Amino acid sequence: QVQLVESGGGLVQAGGSLRLSCAASGRIFSSYRVGWFRQAPGKEREFVAGLSWSGTRTDYADSVKGRFTISGDNAENTVYLQMSSLKPEDTAVYYCAVGLYSYDYWGQGTQVTVSS
């Protein structure tokens with residue numbers, strides 16, 4: 001069983017950068033996928049970025065492609081989301097998730113607010 005804790009959220013001006021971290025208490029196996037999702041007030045949760053832990057595949061939502069980068073550190077058992085050129089529409093609670101065929105384990109979320 002994997003437990004996830006996100007951190008790194010905060011308030012930033014448009015055009016700024018943030019780096020989110022997701023620390024896993026349990027081992028993330030090579031066959032797992034890791035991902036970041038976000039949910040804005042009154043909106044449905046949406047996929048942001050995904051990574052196969054083996055490092056063979058990455059996926060990004062079109063809205064963040066070229067601005068966000070997902071990565072993982074096997075030694076530290078941590079997933080990252082580097083966000084740059086942030087826009088007000090990026091404001092949301094960001095969640096880390098891991099799973100095999102579905103995302104079975106979720107963190108508590110971290111708030112990202114981008115001011116205009």
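For the single chain, residues carry numbers from 1 onward in sequence order. Hydrogens, waters and symmetry mates play no part in the numbers below; they use all other heavy atoms, side chains included. The structure displayed is predicted, hence computed values, not measured ones.
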Worksheet item: Is it the case that one hydrophobic cluster holds both L20 and V12, taking links as side-chain heavy atoms less than 4.5 Å apart, direct or via other members?
Response: yes
Discussion item. Is any side-chain heavy atom of V79 closer than 4.5 Å to one of L51?
Written reply: no
Fill in: Residue pair E6 / C96: nearest heavy atoms and the distance that separates them
OE2-N, 2.7 Å
Item to complete: Please tell me if the side chains of V114 and M83 come closer than 4.5 Å, counting only heavy atoms from C-beta onward.
Response: no
Item to complete: Would you name the heavy atoms of R38 and V64 that are closest together and state the gap between them?
Response: NH1-CG1, 3.9 Å
Discussion item. For the CD atom on Q3, are there more than 12 heavy atoms of other groups (residues, nucleotides or ligands in this structure) within a distance under 6.0 Å?
Written reply: no
Discussion item. Tell me whether the rings of Y94 and F68 are parallel (<30°), tilted (30 to 60°) or perpendicular (>60°).
Written reply: tilted
Worksheet item: Can a salt bridge be assigned to the pair K87 and D90 using a cut-off of 4.0 Å between side-chain N and carboxylate O?
Response: no
Worksheet entry | L100 reachable from I70 in the ILVMFWY side-chain graph, under 4.5 Å edges | yes
Fill in: Test item: N77 side-chain N/O and A24 main-chain N/O as donor-acceptor pair under 3.5 Å
yes
Item to complete: Search all heavy atoms of Y80 against all heavy atoms of W36 and return the closest pair with its distance.
Response: O-NE1, 3.4 Å
Fill in: Side chains of R33 and R57 in contact at under 4.5 Å (non-hydrogen atoms)
yes
Worksheet item: Hey, what do you get for SG (C22) to CG (D73), rounding to the nearest 0.5 Å?
Response: 12.5 Å
Fill in: N/O donor-acceptor pair under 3.5 Å between Q82 side chain and R19 backbone
no
Response to the item:
Note: F47 and F37 closest approach over all heavy atoms is CA-CD2, 3.5 Å
Fill in: Side chain proximity check, N74 to W53, heavy atoms < 4.5 angstrom
yes
Discussion item. Ignoring hydrogens, what is the shortest heavy-atom contact between W106 and Y103? Give both atom names and the distance.
Written reply: NE1-O, 2.8 Å
Practice prompt. Spell out, yes or no, whether V98 and V93 are grouped together once hydrophobic residues are joined by side-chain heavy atoms under 4.5 Å, including indirect joins.
Written response: no
Worksheet item: Atom CG in L4, atom OG in S25: separation rounded to 0.5 Å?
Response: 7.0 Å
Worksheet item: So, R67 side chain and S85 main chain: donor-acceptor pair closer than 3.5 Å or not?
Response: yes
Discussion item. Testing the basics here: between G107 and Y95, what is the closest heavy-atom pair and its distance to 0.1 Å?
Written reply: O-CD2, 3.6 Å
Worksheet item: Just wondering, do L11 and Q111 contact through their side chains at under 4.5 Å, heavy atoms?
Response: no
